[in-house]
Amino acid sequence: AAVAGGKDEL
Amino acid sequence: MNVFRLVADLMHLASILILLLKIRKTRSAAGISFKSQLLYLIVFVTRYLDLFTHWVSLYNTAMKVFFIASSGYIVYQMQRRYRATWDPALDTFRIEFLLGGAAVMSLIFHTKFTFLELFWTYSIWLEAVAILPQLFQMSRTGEAETITAHYLFALGAYRGLYVVNWIYRYATEGYWEWIPFLAGMVQTVLYADFFYVYFSRVMRGKKFELP
């Protein structure tokens with residue numbers, strides 16, 4: 001999950 | 001979620017609450033760089049464009065909304081109610097270079113050439129340098145109020161702890177993104193002088209003053 005759509009951080 | 005990221009997020013939250021407290025208690029935004037605050041608003045708006053397209057958790061969404069709303073509120077209030085309390089003549093860093101530099105960096109270094117990904121990357125590069133107008137202003141005046149120093153410490157610690165979080169996530173999950181890692185390292189290095197003065201003076205009960 002390294003690109004937009006998989007981002008879980010702030 | 002791990003302890004480094006949780007504490008980092010809480011430090012970020014605390015930094016904004018400290019800044020709001022400083023402005024309310026002293027009824028003044030003196031010592032705060034409007035340009036840095038404006039850059040943070042741009043950082044959060046461009047980073048959280050996925051707010052409506054990508055659900056992570058209630059925690060994630062609530063924090064995103066808070067960071068956008070609070071930075072917008074601070075920028076608005078510095079222009080309105082507290083306009084007369086800070087001096088634009090001290091806030092002279094040329095942010096065009098930061099805005100342009102971050103744009104060039106995100107066009108060269110990104111993982112995908114898509115709208116959301118480019119804006120996300122832009123926000124990462126811009127955040128790395130968004131504190132420069134604030135640090136530049138403090139280097140000109142040579143001092144800062146203690147509460148402002150606490151604000152900056154919490155803000156700097158947030159990204160420093162994110163760097164630790166990325167190393168931890170790589171070790172435990174194999175998760176790795178080099179762009180935020182590099183940007184986080186740049187930001188932490190920019191803070192080095194500030195951290196030194198903070199630990200050597202403010203933590204010992206002295207005023208934040210540059211040598």
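Every chain is numbered from 1 and lettered A, B, ... according to where its sequence line falls, protein lines coming before strand lines.
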Could you check whether any side-chain heavy atom of B:Lys64 comes within less than 4.5 Å of a side-chain heavy atom of A:Leu10, counting everything from C-beta outward?
yes

Side chain to side chain, B:Met1 and A:Asp8, heavy atoms closer than 4.5 Å
no

If you count heavy atoms of other groups shown closer than 6.0 angstrom to [atom1] of [X], is the number above 12?
X: B:Asn2; atom1: CG; value: yes
X: B:Tyr76; atom1: OH; value: no
X: B:Phe195; atom1: CZ; value: yes
X: B:Arg27; atom1: CZ; value: no
X: B:Met185; atom1: CE; value: no
X: B:Tyr59; atom1: OH; value: yes

With a 4.5 angstrom heavy-atom cut-off, could you sort out which part of [X] is near chain A: side chain, backbone, both or neither?
X: B:Trp166; result: side chain
X: B:Phe44; result: neither
X: B:Asn60; result: both

Return the option, out of B:Asp9, B:Thr121, B:Leu49, with the maximum number of heavy-atom pairs under 4.5 Å with chain A.
B:Asp9

Might you work through the side-chain contact (heavy atoms from CB on, under 4.5 Å) test for B:Arg169 and A:Glu9, ending with a clear yes or no?
CA-CA 12 Å; B:Arg169 287 191 75 175; A:Glu9 293 182 339; 2.8 Å; yes

Interatomic spacing from NZ in A:Lys7 to OH in B:Tyr48 - rounded to 0.5 Å
12.0 Å

